[in-house]
Amino acid sequence: MTAKILDGNALSAKLRESLRQRAAELAAQGFQPGLAVILVGENPASQVYVRNKIKACEAVGVYSEKYEFAADISPEEVLGMIAALNADPAIHGILVQLPLPPQFDEDEVLEAVSPEKDVDGFHAENVGLLAQGNPRFISCTPYGVMEMLSAEGISLRGKEAVVVGRSNIVGKPMTLLLIGASATVTVCHSQTKDLAFHTRRADVLVAAVGKPKMITGDMIKPGAVVIDVGINRLRGPDGKLCGDVDFESAKEVASLITPVPGGVGPMTITMLLANTIESADRASAK
Ligand code: GUN
């Protein structure tokens, strides 16, 4: 069997077209959606992500502001910036790109963002609402994964889902969403004793560990749906991107698989736009 490839670029393009229309309607009512992005330091991957987020905003008619700070900035200055953005009616979403330099307490910064503008879904209040099954903002990558599964008409009810990775950004919210969709969910991580035992049971396998090509074809149940959240840059002259899944061997076993690049990645940014537009929509209804 060769798996069908889930094209995140194509689905994103379709979703972004309807987001562009909704943003234009809101703008016509005086509520052009606005996103502020804060980037601290010179992490090259973060710089690329932020550039892509800003570009995506422009393409769908979301107003954006980018605030760049040197790596040695004091946390107080960034917290002051966040407080100003919390109070700015032109801004409906605030995103602090992670990771932050070591002098920062990341939790303190994430908690400083108004939960009503927390389009990343990282604020404890929004994580709590998601855990209760009543989400306000869903973090963008797991939200994008759910949209991809839904667009393919994949029902999760009663399915065995295995999430590899337990991060706050992906693994944990992904787990909550899969439970909410009535899957039976197993979460694996670096201390899991026999990873392949678990992954081979998965009808739906989500890899979010950050280890290049760690999940190989022999670890996948025939016919499984394989979602690769990893974005790893391989060493070497061409510095190619690859996922946490060994695509070549996995595609011979899975029924559906997301590629890297061009799978989950574009969906993450699309859901950031969706959350920002949703936030502006809520502001317009107040
Ligand atoms: N760093 C890696 N992924 C993300 C993300 O989704 N949002 C933010 N803010 N930072 C990140």
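First listed ligand is number 1; within each ligand, the first listed atom is number 1.
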| said: Does K251, at its NZ atom, have more than 12 non-hydrogen atoms belonging to other residues, nucleotides or ligands within less than 6.0 Å? | reply: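 Atom NZ in K251 is crowded, with more than 12 foreign heavy atoms closer than 6.0 Å.
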What atoms of ligand 1 come within less than 4.0 Å of a heavy atom belonging to [X]?
X    : result
D120 : 6 (O), 7 (N), 8 (C), 9 (N)
V96  : 8 (C), 9 (N)
L95  : 9 (N)

| task | Just need the protein heavy atom nearest to atom 11 (C) of ligand 1, so name the residue and atom and give the distance. | result |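 Its nearest protein heavy-atom neighbour is Q97 NE2, 3.3 Å.
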| Between F122 and ligand 1, which residue portion shows a heavy-atom distance shorter than 4.0 Å: side chain, backbone, both, or neither? |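 Side chain only; the backbone of F122 stays clear of ligand 1.
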| remark: Rounding to 0.5 Å, atoms CG (N43) and OH (Y49) come to a distance of 8.5 Å
| note | Closest to atom 3 (N) of ligand 1 by heavy-atom distance, out of I94, N43, I169, is I169
Can we say [X] and [Y] salt-bridge, meaning some charged N sits less than 4.0 Å from an Asp/Glu carboxylate O?
X    : Y    : answer
R20  : E17  : yes
R136 : E116 : yes
E152 : K4   : yes

| query | Quick check: does L98 get an N/O under 3.5 Å from an N/O on ligand 1? | reply | yes
| query | Step by step, would you call V226 with I215 a side chain to side chain contact (heavy atoms under 4.5 Å, CB included)? | reply | CA-CA 10 Å; V226 177; I215 307 287; 5.7 Å; no
